[in-house]
Protein chains: 2
Amino acid sequence: MTEAKTDPRVLRTRRLIMDSFIELSAKKEFKDITVKDITTEAMINRATFYYHFEDIYDLLEKALSEVLLVNLNGEFFPYDNLSEEAFVSIFIAITNFQKSLSTRCHRGYEDTIARIIREQLEIIFYKMLAAQSEGEEDEALKLNAVILSWGIYGASVEWKRKGMKLVPEDFIKPVLPYLLSGLDTI
Amino acid sequence: MTEAKTDPRVLRTRRLIMDSFIELSAKKEFKDITVKDITTEAMINRATFYYHFEDIYDLLEKALSEVLLVNLNGEFFPYDNLSEEAFVSIFIAITNFQKSLSTRCHRGYEDTIARIIREQLEIIFYKMLAAQSEGEEDEALKLNAVILSWGIYGASVEWKRKGMKLVPEDFIKPVLPYLLSGLDTI
DNA sequence: TTTAATGTGTTGTATTTACGACATATCGAT
DNA sequence: ATCGATATGTCGTAAATACAACACATTAAA
């Protein structure tokens, strides 16, 4: 468990890049943001950007993952298993995230963003399932995590499509019994 | 006039150190601030501190100089010569600076701070005198700058000693005729 | 007085970052 | 089409920074 801590310069630079990207995202669309824009805002060299990220899409993935994870961690990680409250908190976190995205313009990249959200959800669901299952087969856990991630994300899309009228808690409430009932089979 | 611009990392690091020092100064006295405190707050390595500054006193000098210069530049640099408004603006800048210092605790270092202020004033007065004098002897200009810097600084000390009751503009007004009258002899 | 703990300032080495140059690609205007 | 301007991604070299180790000073407690 010797977790070799990473160089402070690396952390600092990545933070500068991430923050600058988020800052710029608030001002213009993703397709209009160049690497030069980001590095200028972050006051780092353009070559340094490529030292940390494949390209601007790689940055998009990692930045979104982080924002989403921060949302989630702050919300529901007091729960260590998939309770009713956990489902509700996760759903709230996603809808909050969706709302924050809708103010910024990411037209044409909704599918990328959606994929990232689902991937993060899958990771989290898998962790929680693995924590509470008694030596269940790994592949089965993973597939369950996939289904949950798609399902919950789909619910958030539907919530958005319906005009975000209900508060997320009430919107998700009707399906909680179903989601919870199957858990003991895992 | 090839002004080789300095490495962005240097600027960034110096800014981090300066800001951390000013931040810490608001929380505790100068004598209780260690280099480790500063570098921890700035999230840089302690050795890096010594790459930029002799020691913590060197940092004190440079930080104060900068704060004072920012005060002055913002105030009076529309004036390019020593007019009545210039004197008033400079005096206001110094008293503002003194007020901001009195909230923080720098007991035992007043004389150091005073020296730094006078040195900065001397530089500025010399620049302005040189700009408006017609090929006057250099040593004479320098000595005039010295006298002005000590004089104006002394006035600010007196203003403080008198309880800061008058607004700086009114406090300095009585001596403006004298200060201005001699200028054409230079 | 001794001892332990903490701060100071320096040094050597490894890693990260800055910078300029380059080839290539994209896009808009003529 | 062709040109000019701008963005992308990569490279080598030089400079700044991180880190650990060191000797030394200061301080507080035993």
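Chain A is the first sequence line, chain B the second, and so forth, proteins listed ahead of strands; every chain is numbered from 1.
Nucleic acid contact for A:Arg12: sugar-phosphate only, since backbone atoms but no base atoms lie under 4.0 Å from a heavy atom of the residue. Using a 4.0 Å heavy-atom criterion, one finds that A:Ile44 contacts the sugar-phosphate atoms exclusively.
Two rings, from A:Tyr57 and A:Phe30, have their centers less than 6.0 Å apart. Aromatic rings from B:Phe91 and B:Phe87 are positioned such that their centres are separated by 6.0 Å or more.
Here the P atom of nucleotide C:dT6 and the CG atom of B:Asp37 are 13 Å apart, to the nearest Å. We find that CE of A:Met43 is positioned 18 Å from P of D:dA16, with the value rounded to whole Å. Atom CG of A:Leu11 is separated from atom P of D:dA18 by 11 Å (rounded to the nearest Å). We find that CG of A:Asp58 is positioned 14 Å from C1' of D:dG9, with the value rounded to whole Å. Rounded to an integer number of Å, the gap from A:Asp32 CG to C:dC27 P is 12 Å. One can place CZ of A:Arg46 at 12 Å from C1' of C:dA18, the figure rounded to the nearest angstrom. Between B:Lys36 atom NZ and C:dA5 atom P there is a gap of 17 Å when expressed in whole angstrom units. Nucleotide D:dA7 holds its P atom 14 Å from the NZ atom of A:Lys31, rounded to whole Å.
In the set D:dA18, C:dT17, D:dG9, C:dT17 carries the atom at the smallest distance from any side-chain atom of A:Val10. The side chain of B:Thr34 lies closest to C:dT8 when the candidates are C:dC19, C:dT8, C:dT17. Between D:dA20, D:dT10, C:dG9, one nucleotide has an atom nearer to the side chain of B:Ala47 than all others, and that is D:dA20.
Taking 3.5 Å as the limit, the base of D:dA15 and the side chain of B:Arg9 contain a donor-acceptor pair of atoms between them.
Considering only side-chain N and O atoms, B:Tyr51 lies under 4.0 angstrom from the phosphate OP1 or OP2 of D:dA16. Here B:Thr48 does not reach the OP1 or OP2 of D:dA16: none of its side-chain N or O atoms lies under 4.0 Å away. A close approach under 4.0 Å does not occur between any side-chain nitrogen or oxygen of B:Tyr50 and OP1 or OP2 of C:dT10. For C:dT17, the OP1/OP2 oxygens have no side-chain nitrogen or oxygen of A:Asn45 closer than 4.0 Å. At C:dT17, one or more side-chain N or O atoms of A:Thr13 fall inside 4.0 Å of OP1 or OP2 (strictly under the cut-off). Under 4.0 angstrom from either OP1 or OP2 of C:dT16 there lies no side-chain N or O belonging to A:His52.
The CG atom of B:Leu141 lies 13.5 Å from the CZ atom of B:Phe125; values are rounded to the nearest 0.5 Å. Taking OG from A:Ser20 and CD1 from A:Ile44, the interatomic distance works out to 7.5 Å, rounded to the nearest 0.5 Å.
Atom CD of B:Glu54 has 12 or fewer neighbouring heavy atoms from other residues, nucleotides or ligands inside a 6.0 Å radius.
Two residues, B:Pro8 and A:Asp7, neighbour DNA chain C, and the one matched to the more 5' nucleotide by heavy-atom proximity is A:Asp7.
Ion pair A:Arg15/A:Asp19 flagged as a salt bridge, since at least one NZ, NE, NH1 or NH2 atom sits closer than 4.0 Å to an Asp/Glu carboxylate oxygen.
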